[in-house]
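First the structure, in the form of C-alpha cells, and then the observations on it.
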Amino acid sequence: MLAKRIIVCLDTRDGRLVKGVRFKSLVDHGSPAEAAMRYYNEGADEICFLDISATQEGRLALADVVKDVARGVFIPLTVGGGIKNLSDIRVLTGSGADKVSLNTAAVENPGLIEEVSRLLGSQSVVITIDAARTPDGFRVFTHAGTRETRLRPDEWASEAVSLGAGEVLLTSIDADGTQEGYDIELLRTVRRAVNVPLIASGGAGKYEHFLEAFSAGADAALAASLFHEGRMSIGGLKNYLREKGVAVR
C-alpha cells in the first residue's frame, strides 16, 4: 500500500503567506519561507506554493519568494501561479520547484499540459482544479476562483491526464477555509475519472476529515488554515492516521 501524503499549502499574495475562506477575506500569516521551514521540520511530506494573485495581476509567481521557500526544505515543492509558457516553467524550476501547478493557463490552452509534460515528465505536472457547485452541477473555475467555466471537474481532470498531467490537485471552493470537511462527493466524482494520484483540498478542520478523504480515494490531503492557526500538528495528525490503519510516511 502506498503511503498517504500530508501536503501543506502556502497561498501567497505580495510575497506574504495568506489564507481566507472560499478564496476571500484573506488573513496574513507571515513569511512563507519561515512557514515552509516549520512544516518541513514538523514532518510535512510536500509543500504546495501557490501565488494566488499572479494570474489576475498578469505576472508569474514571485521567483525570489520561491527561492526563499525552496532553500530551507528538502521535500517536494509544487509551485503555481501565473504560468503561461515553457519559459515560465524554466524560471520556476530554476528557482527550486520540483513540480509545477497548472490551472487557468491549462484551461485556456490545454496544449500547454503536453508541452510541460514533455519538458519535465508527467510526474512533475500537477493539474490544479478549483471547483464549486452551481445550479448545473460541479463546474471548474479559473482566475483564482473568480471565473466560472462550463467544464465539469471530472471531465476536465480526465482530459488533463490524457494530455500528460501526472497528478490532480482538487480544491472545493465551497469548502475552502471552512474547516468543515472536504467535499467528498466532488472528490469521489473526480476519483472515478482518473487513475493518477489525487490530492484532496479545501475544508480540512479535524483529524476525521483526513480519514474521510483517504477513504474516498484521495492519495494525499492538502491543508492550510488549521496548520497556520496552530489548531493541528502534522505529527499529531499522522499518529491519528496510523492508529486508524492508514499508511503514512
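Residues passing the side-chain hydrogen bond (donor to acceptor under 3.5 Å, both in side chains) test with R188: none are found, sequence neighbours excluded. With sequence neighbours left out, the side-chain contact (heavy atoms from CB on, under 4.5 Å) criterion links E114 to R118, L163. Annotation: side-chain contact (heavy atoms from CB on, under 4.5 Å) contacts of S162 (sequence neighbours excluded): E159. Every residue two or more places apart in sequence or in another chain that forms a side-chain hydrogen bond (donor to acceptor under 3.5 Å, both in side chains) with R5 is listed here: E46, E167. In this structure R147 satisfies the side-chain contact (heavy atoms from CB on, under 4.5 Å) test together with T142, H143, sequence neighbours excluded. Residues satisfying the side-chain contact (heavy atoms from CB on, under 4.5 Å) criterion with T128, sequence neighbours excluded, are S101, N103, V126, D130, L169.
Pairing each heavy atom of V69 with each of A36, the nearest pair is CG1-CB, 3.7 Å. Nearest heavy-atom pair across A157 and I129 is CB-CD1, 3.7 Å. What you find for A97 and V79 is that their closest heavy atoms are CB-CG2, 3.6 Å. The shortest heavy-atom contact between D174 and A132 is OD2-CA, 3.5 Å. Of all the heavy atoms in A224 and C9, the pair that sits closest is CB-O, 3.6 Å. Listed here is the closest heavy atom pair of V125 and G164: CB-O, 4.2 Å.
Distance CG/L10 to CG/L77: 8.0 Å, rounded to 0.5 Å. Here the straight-line distance linking atom OG1 of T149 with atom CH2 of W156 works out to 9.0 Å at 0.5 Å rounding. Distance check, rounded to the nearest 0.5 Å: CD of E42 to CG of L237 gives 11.0 Å. Atom-to-atom distance recorded for D98:CG and I47:CD1 is 11.5 Å, nearest 0.5 angstrom. How far CD1 of I127 is from OG of S122: 13.0 Å, rounded to the nearest 0.5 Å. Between atom CZ of residue F49 and atom CG of residue D11 there is a gap of 9.5 Å, rounded to the nearest 0.5 Å.
For the side chain to side chain donor-acceptor pair (under 3.5 Å) condition, the pairs that include at least one residue of residues 70-84, sequence neighbours left out, are D68-R71. Within the structure, the side chain to side chain donor-acceptor pair (under 3.5 Å) test picks out the following pairs touching residues 235-249 (sequence neighbours left out): D45-K238, N239-R242. Applying the ring-ring contact (aromatic ring centres under 6.0 Å, His included) definition to pairs two or more places apart or across chains, none involves residues 82-121. Applying the salt bridge (charged side-chain N to carboxylate O under 4.0 Å, His left out) rule to pairs touching residues 133-146 yields R133-D183, R133-E185, D136-R150, sequence neighbours excluded. Judged as a ring-ring contact (aromatic ring centres under 6.0 Å, His included), the pairs with a partner in residues 59-91 (not counting sequence neighbours) are, in order, Y40-F74.
In terms of modelled atom types and a separation under 3.5 Å, the side chain of N41 and the main chain of M37 share a donor-acceptor contact. Put simply, the side chain of Y182 never gets that close to the backbone of A175: no donor and acceptor are under 3.5 Å apart.
In terms of hydrophobic clustering, with Ile, Leu, Val, Met, Phe, Trp and Tyr side chains grouped at heavy-atom distances under 4.5 Å, L222 and L241 are assigned to different clusters. If you chain together hydrophobic residues whose side chains sit under 4.5 Å apart, I7 and L187 never meet in one group.
If you check the side chains of S225 and Q179, you find a donor sitting under 3.5 Å from an acceptor.
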Check against side-chain contact (heavy atoms from CB on, under 4.5 Å), I6 and F227: CA-CA 11 Å; I6 303 300; F227 294 137; 4.2 Å; yes
Check step by step if side-chain contact (heavy atoms from CB on, under 4.5 Å) holds for L120 and V100. CA-CA 9 Å; L120 301 179; V100 293; 4.0 Å; yes
With side-chain contact (heavy atoms from CB on, under 4.5 Å) as the criterion, how do L170 and R191 come out once you've worked through the C-alpha distance, each side chain's angles and the decisive distance to 0.1 Å? CA-CA 10 Å; L170 178 65; R191 174 74 286 171; over 6 Å; no
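Using a 4.5 Å cut-off on side-chain heavy atoms (C-beta onward), L2 and D219 make no contact.
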Ignoring hydrogens and angles, write down the donor-acceptor pairs under 3.5 Å from the side chains of residues 193-212, residues two or more places apart or on other chains.
residue: S201; atom: OG; partner: T171; partner atom: OG1; Å: 2.9
residue: H209; atom: ND1; partner: G205; partner atom: N; Å: 3.0
residue: H209; atom: ND1; partner: K206; partner atom: N; Å: 3.3

